[in-house]
Amino acid sequence: NRMNYDIETKNSNPGSEIPKPPPIKQQENFISSEDILKKCSNLSDLCESLKKFNGSNLKKTASQIVFSDGNPKAKIMLIGEAPGADEDRLGKPFVGVSGQLLDKMLDSINLNREKAYLTNIVPWRPPGNRTPTDYEIALFRPFLLKHIELVNPKIIVAVGGSAAKALLNINDGILRHRGLWKKLVVNEKLKIDIIATLHPAYLLRSPSQKKLAWEDLKLIRDKLKEL
């Protein structure tokens, strides 16, 4: 059996080990993330405030915001990297072929979108479906932490390398960090069990790695049984 670890971030400041985005040139009507998050007391507030945030150019090329899907009262929250073309068109995370595979993965451990909550690090589709930059990850991380705080799940699954990088402060590949339970320090009062797993889009390109994802899914299933 694979050995699991509970590793808690030493510094209680959830942003201390993530490089801060470079200062944004002040522009007319600019609203900072700090100003926005102070006013967000629920998910509707957060979604509307993200739409007004003009610190990123991504929304200028995206069709619409992709905020979330599933049940916000679920015990488990899955976080991917960013919307693709299908997500941008439909306004929901994890749709299209990779979303269908994720649904099958969830079904294998008796979960579905009524029993899980899904979102991404970045709420706007990057042009050409490219991977979010380090700057974009750092820019939207405060919004993501607020999103997590508002949902307050028992378990978080970081789906894919970008999500793992944003949430676990890692610099190397996800294969070295998947399948290990850790603690995410959201704020001084909130610490949540988190595990990283492989993104379904990656599994479609590398089907031989599905066995690793299945090992992760079994760990998630067992953790849910403990709750």
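Worth knowing before you read on, the calculation uses all heavy atoms, side chains too, and leaves out hydrogens, waters and symmetry mates.
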Does [X] use its side chain to pair, donor to acceptor, with the backbone of [Y] at less than 3.5 Å?
| X | Y | result |
| --- | --- | --- |
| Glu87 | Val95 | yes |
| Asn129 | Gly84 | no |
| Asn42 | Asp45 | yes |

Answer yes or no: does atom NZ of Lys59 have more than 12 heavy-atom neighbours from other residues, nucleotides or ligands under 6.0 Å?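 Enclosed: over 12 neighbouring heavy atoms sit under 6.0 Å from NZ of Lys59.
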
So do the side chains of [X] and [Y] get within less than 4.5 Å of each other, counting heavy atoms only?
| X | Y | answer |
| --- | --- | --- |
| Lys165 | Asp134 | yes |
| Ile192 | Val186 | yes |
| Pro72 | Leu43 | yes |
| Phe143 | Thr119 | no |
| Lys154 | Lys223 | no |
| Pro200 | Val97 | no |
| Pro127 | Leu58 | yes |

For His199, which residues count as a ring-ring contact (aromatic ring centres under 6.0 Å, His included) partner, sequence neighbours excluded?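 Expected list: Phe94.
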
Is Val66 reachable from Ile148 through a run of hydrophobic residues whose side-chain heavy atoms are each under 4.5 Å from the next?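 No, separate clusters.
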
Atom CD1 of Ile121 and atom CD1 of Ile137: how far apart are they, to the nearest 0.5 Å?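 If we round to the nearest 0.5 Å, Ile121:CD1 and Ile137:CD1 are 5.0 Å apart.
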
Below 30° counts as parallel, above 60° as perpendicular, anything between as tilted: where do the rings of His147 and Phe67 land?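 Judged by the thresholds at 30° and 60°, the geometry between His147 and Phe67 is parallel.
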
